[in-house]
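Numbering starts at 1 and runs along the sequence shown. When a ligand or atom number is given, it counts from 1 through the structure's own listing order. Just so it is clear, the values below take in all heavy atoms, side chains as well, and ignore hydrogens, waters and symmetry mates.
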Amino acid sequence: MTVQEKIVSLCKRRGFIYPGSEIYGGLAGTWDYGPLGVELKNNIKRFFWQSMVYERDNIVGLDSAILMNPQVWKASGHVQAFVDPLVECKICHERFRADQIEEKKVHQKLHQGAKISWTAPKEFNLLVEAKLGVVEDAKQKVYLRGEITQGVHINFKNILDSTRLTIPFGVAQIGKAFRNEITPGNFTFRSREFEQMELQYYIKPENKEVQKWNEYWKKERMNWYFSLGMNNKRLRFRKHTDSERAHYAQDAWDIEYDSPFGWKEFEGIHNRGNWDLGQHQKYSGVDMSFFDQEINKKYNPYIIETSGGVDRAAFFFLIDAYCEEKDRVILKLHPKLAPVKIAVFPLLGNKPDLIKKAKGIYNDLKSKISALVAWDDRGNIGKRYFSQDEIGTPFCITIDFQSLKDNTVTIRNRDTTKQDRVKIDDLHRILQTRLKL
Ligand code: ATP
């Protein structure tokens, strides 16, 4: 089994990620996050919000609607230009993105040596359409948003009018986006429904400002992944070539991860210039300018965007954390990301005194730590440790016979397997420090 296959299997078996609509045969490109997956994803989103909104003075949050007036997508250029080049295998008519060289090579092998020819690339629009309204003939065509970005830009005036922000300032948003991807695949990497976490940062329309903030956000975002424990040798920046840059971007950099299927993008840092505000001004007729009191002048600000995928980040954090050691599998997730923070075990599951004492500690920790705390009293203790290692639980607390005598417990560290004994009275404080909560 490859590492990727092992992770996919672990995700299903332990409740991180399930294939979408599985009992009906599935729906390609959709995934459901199970009890552990939802924790991992929420943790990623929480720390994104923490670092973007709570720790800064000039960035605010937004939660805009998924459904928007279709004019938004005409103005943003997505109706015309949000396209991928589609080619079709002339033997079996399976469709691929023309630039997905690897996938096409794999497909070639399926035809066992037969020479494949491909149709000429056709432009294929990725926006997912839906119909809205109650009268069948008068239903309005709408789009499920293809990126969460536009919800921010159409609210530029509202945000300015309802806050005291002044340039430079940013708006952070997390939410679902939908794309009719030609070839969803590589687990959650390319899905048709996924979540993005973004910052739109409005700046003065000057070259030196663009350079400054572009470099600043590149560094900040890369450091954010390091701060959550991602291996810095497996991360890099890649600049987009002129031909691959999206229609709205003047400059584009990807943060890429060295995944089992090659170096792949999971966050983009883009200079969107004044494309978005300019287009919405043109299509809506609403003035989208900012009056800069410093220079007594109005202008359409430029935008530096950081746009990351929550699902891709979750997948890459899992790959990065996956580790096999002798007879155990460990997810060495940063404690901040680990779905279960602590597991509590009575040494034996059939001793009422031990169970009573352990339940007291378990309930106390559950009430103090706002994250999952697990309980396990089944089978032998070694197996219980291994079971927690496999889902990345950083610490296991064991209540043994000595605990009954002197009010101490052991804390076992997931990565080193070392145990130390601490007083129950100090347990919560010690765990908080070790968990970096
Ligand atoms: P790709 O080149 O892989 O299709 P993109 O350049 O179109 O990605 P952006 O439009 O820049 O991606 O979107 C920003 C982020 O949203 C990406 O870096 C990625 O993490 C996430 N993302 C985009 N498309 C998908 C998808 N189909 N499935 C999961 N995440 C996605």
For residues 248-255, which side-chain N or O atoms pair as donor and acceptor with protein atoms under 3.5 Å away, sequence neighbours left out?
residue, atom, partner, partner atom, Å
D251, OD1, K239, NZ, 2.6
D251, OD2, N214, ND2, 3.2
D251, OD2, W253, NE1, 3.3
D254, OD1, H240, NE2, 2.9
D254, OD2, H240, NE2, 2.8

Pairs satisfying ring pair (Phe, Tyr, Trp, His ring centres under 6.0 Å), at least one member in residues 2-46, at least two apart
W31-F187
Give the residue and atom name of whichever protein heavy atom lies nearest to atom 4 (O) of ligand 1, and the separation in Å to one decimal.
R190 NH1, 2.8 Å
Please work out which of E198, E195, Q196, E256 has its closest non-hydrogen atom nearest to atom 13 (O) of ligand 1.
Q196
Any salt bridge between E209 and K204, counting N to O under 4.0 Å?
no
Pull out every atom of ligand 1 sitting under 4.0 Å from any heavy atom of S307, numbered as shown with elements.
13 (O), 14 (C), 15 (C), 18 (O)
Could you check whether Y302 and N271, counting side-chain N and O atoms only, form a donor-acceptor pair closer than 3.5 Å?
no
Can you tell whether the side chains of E181 and R192 come within less than 4.0 Å, N to carboxylate O?
no
How far is atom 28 (N) of ligand 1 from the closest protein heavy atom, and which atom is that?
S191 N, 2.9 Å
Atom 22 (N) of ligand 1 - nearest protein heavy atom and its distance:
F194 CE1, 3.5 Å
Given R97, E181, R245, R312, which one has a non-hydrogen atom that is nearest to atom 27 (N) of ligand 1?
E181
Which one holds for K264 and ligand 1: side chain close, backbone close, both close, or neither close, with close meaning a heavy atom under 4.0 Å?
neither
Shortest protein heavy-atom distance from atom 29 (C) of ligand 1, along with the residue and atom involved
F189 O, 3.1 Å
min-distance protein heavy atom vs atom 21 (C) of ligand 1 -> G309 CA, 3.8 Å
Protein heavy-atom partner closest to atom 18 (O) of ligand 1 - residue, atom, separation in Å
E265 OE2, 2.6 Å
Of the protein's non-hydrogen atoms, which lies at the shortest distance from atom 10 (O) of ligand 1, and what is that distance?
R179 NH2, 2.9 Å
Exactly one of Q150, Q71, K157 should register a side chain to side chain donor-acceptor pair (under 3.5 Å) with H280. Which one does?
Q150
Numbered in order shown, the ligand 1 atoms found under 4.0 Å of a heavy atom of E267 are 18 (O)
Do Q388 and T393 have side-chain N/O donor and acceptor atoms under 3.5 Å apart?
yes
Does a donor on one side chain and an acceptor on the other come within less than 3.5 Å for S387 and R14?
yes
Contacting atoms of ligand 1, where contact means under 4.0 angstrom from a heavy atom of F266:
18 (O), 20 (O)
Can E147 be said to touch ligand 1, with heavy atoms closer than 4.0 Å?
no
N58 and Y201: side-chain donor and acceptor closer than 3.5 Å?
yes
